[in-house]
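Below is one structure; the comments refer to it alone.
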Amino acid sequence: MSSPFSLLAFATFFLVSMTREVGAQLSSDFYSSSCPSALSIINDAVTSAVSSEARMGASLLRLHFHDCFVNAIQGCDGSVLLSDTANFTGEQTAFPNVNSLRGFDVIGNIKSQLEKQCPGTVSCADIVAVAARDSVVALGGTSWTVQLGRRDSTAASLTDANNNLPSPFSDLSTLTSAFSRKGFSADELVVLSGAHTIGRARCRFFRARIFNDTNIDSSFASSAQQNCPSVGGDDNLESLDSVTSDTFDNQYFQNLVNLKGLLHSDQQLFNNGSADSQVQSYSQDSNTFLDDFGKAMIKMGNLSPLTGTDGQIRLECSKVNAS
Ligand code: HEM
Ligand SMILES: *[C@@H]1O[C@H](CO)[C@@H](O)[C@H](O)[C@H]1NC(C)=O
Ligand SMILES: *[C@@H]1O[C@H](CO)[C@@H](O)[C@H](O)[C@H]1NC(C)=O
Ligand SMILES: *[C@@H]1O[C@H](CO)[C@@H](O)[C@H](O)[C@H]1NC(C)=O
């Protein structure tokens, strides 16, 4: 049974897996000699985009999440930025992404500035990771050190996006297993969901909650119904955090405690279940939330990046380099 060949095959497989892990090391100073101005170019562009439209900070944060959370093999690889081609249908038309993801122009503008400054050096996946952090900071959150050195994918998958991104209609157990499949604990699900302290959602994603859920504050529900009727207005926007919609703070958790979560999935985190105590404690302690959020974002940014000579540095974020 265990012929020398199968042993060798096993050993090779094992070594390759190990190398993948080792190769996956990122570092915070990755561009310090190859493109010293990279971080300031990104920060300037994000700060200016967020000051002209606060919501852009939310959109850029979500872009990083949707980039990283898709593939089991390739995670934070800029795949979310790829337009469809003759060879593949990408992630942009996936159910959670279509007519929803924003910020592509901001990333494209940063990329063209970086191509002038340091051609072929800074990956799109890294730009998105840094832009997410700078967005949180621009909206009043706490900073974290972004690990760098990701490379960009040469393909993207619609199916993977549809299968991996969490649904706002899910219950706690489904959300917990979706995060667990990516190596995230239930605690990390809770802290990362705190991203919904900024940004907007469309009526289609919270209509059933504001009309049919019972674990909802009644005046919050009727006020949301003004802008999201039972029929029509599918794309009408509502703030995910109705109190401080453009500030990265712990208000989201206070809202959950007050039964004012906008998405069904949000309120699942405070629904007489196992996540209640963590939600309660974040609702009372902003600093702990902000610190834990940064740590969880670093972990999210580590989801199976392409490194070394894998993938490529795309010259334009929306398409694979011409060969
Ligand atoms: C826990 C599971 C999650 C679910 C079910 C979920 C679902 C959603 C939905 C349905 C929207 C509104 C999209 C639309 O109406 O077009 C949204 C927006 C948003 N999500 Fe999540 N999300 C989750 C986790 C996360 C995580 C982990 C992050 C980031 C770390 C995040 C960041 C955001 C942001 C910032 C927005 C607002 C985007 C904007 O205004 O452009 N979400 N999410
Ligand atoms: C599709 O893939 C082939 C083979 O890899 C490549 O030569 C071609 O340029 C790709 N087409 C597009 C539109 O990316
Ligand atoms: C609320 O639930 C009822 C009964 O299940 C269903 O017919 C109706 O479509 C739901 N309303 C919304 C807005 O989801
Ligand atoms: C939790 O259970 C209590 C007692 O049954 C109930 O009054 C309350 O509304 C529930 N809270 C949530 C968020 O479901």
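We count ligands from 1, going down the list as the structure has it; atoms in each ligand are counted the same way.
With sequence neighbours excluded, no residue satisfies side-chain hydrogen bond (donor to acceptor under 3.5 Å, both in side chains) with R133.
Aromatic ring pairs are classed by plane angle as parallel below 30°, tilted from 30° to 60° and perpendicular above 60°; the pair F65 and F179 is parallel. In this pair, F253 and F289 present their aromatic rings perpendicular. The plane angle is above 60°, beyond the 30 to 60° band.
Taking every non-hydrogen atom of L259 and a distance limit under 4.0 Å, the qualifying atoms of ligand 4 come out as 13 (C). Set against the non-hydrogen atoms of F270, the atoms of ligand 4 under 4.0 Å away are 13 (C). Taking a cut-off of under 4.0 Å to the non-hydrogen atoms of L189, the atoms of ligand 1 that pass are 1 (C). Within ligand 1, the atoms closer than 4.0 Å to a non-hydrogen atom of L192 are 26 (C), 27 (C), 30 (C), numbered from 1 in the order shown.
Of the charged side-chain nitrogens involved, at least one lies within less than 4.0 Å of a carboxylate oxygen, so that E188 and K299 count as a salt-bridged pair. Residues R62 and D67 are not paired through a salt bridge, judged by the lack of any N-O separation under 4.0 Å between the basic side chain and the carboxylate. D234 and R207 are joined by a salt bridge, as a carboxylate oxygen and a charged side-chain nitrogen come within less than 4.0 angstrom of each other.
When only non-hydrogen protein atoms are considered, atom 15 (O) of ligand 1 lies nearest to R202 N, 2.6 Å. Scanning the protein heavy atoms around atom 16 (O) of ligand 1, the nearest turns out to be S100 OG, 2.5 Å. For atom 41 (O) of ligand 1, the closest non-hydrogen atom of the protein is S59 OG, 2.7 Å. Summary of contacts: the protein heavy atom closest to atom 35 (C) of ligand 1 is A58 O, 3.1 Å.
Of all protein N/O/S atoms, those lying under 2.8 Å from atom 21 (Fe) of ligand 1 come to 1.
In this model, no donor atom of one side chain and acceptor atom of the other lie less than 3.5 Å apart for S286 and D249. Remark: the D241 side chain and the H196 side chain contain no N/O donor-acceptor pair separated by less than 3.5 Å. Side-chain N/O atoms of S185 and D187 include no donor and acceptor closer than 3.5 Å. For N215 and N271, the side-chain atoms include at least one donor-acceptor pair closer than 3.5 Å. Between the side chains of R151 and Q312, not a single donor N or O lies within less than 3.5 Å of an accepting N or O. Judged purely by distance below 3.5 Å, without hydrogens or angles, the side chains of N255 and Q251 pair a donor atom with an acceptor atom.
Residues in residues 28-40 take part in these side chain to side chain donor-acceptor pair (under 3.5 Å) pairs, two or more places apart or across chains: S27-D29, Y31-D126.
Put simply, part of F179 is less than 4.0 Å from ligand 1, judged by heavy atoms.
Checked against a 3.5 angstrom limit, the closest N/O atoms of R55 and ligand 1 fall inside it. Of the polar atoms of N271, at least one N or O is found under 3.5 Å from an N or O of ligand 4, judged by distance alone. At under 3.5 Å, a nitrogen or oxygen of N272, whether backbone or side chain, sits near a nitrogen or oxygen of ligand 4.
Contacts between S167 and ligand 1, counted as non-hydrogen atom pairs separated by less than 4.0 Å, involve the backbone only.
Protein residues having at least one heavy atom under 4.0 Å from any atom of ligand 3 are R207, A208, F211, N212, listed by chain and number.
Aromatic pair F206/F211: centroids not less than 6.0 angstrom apart.
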Practice problem: List the steps and the verdict of side-chain contact (heavy atoms from CB on, under 4.5 Å) for L165 and N97. | Solution: CA-CA 9 Å; L165 293 170; N97 290 341; 3.7 Å; yes
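Closest heavy-atom contact between R102 and E53: NH2-OE2, 2.9 Å.
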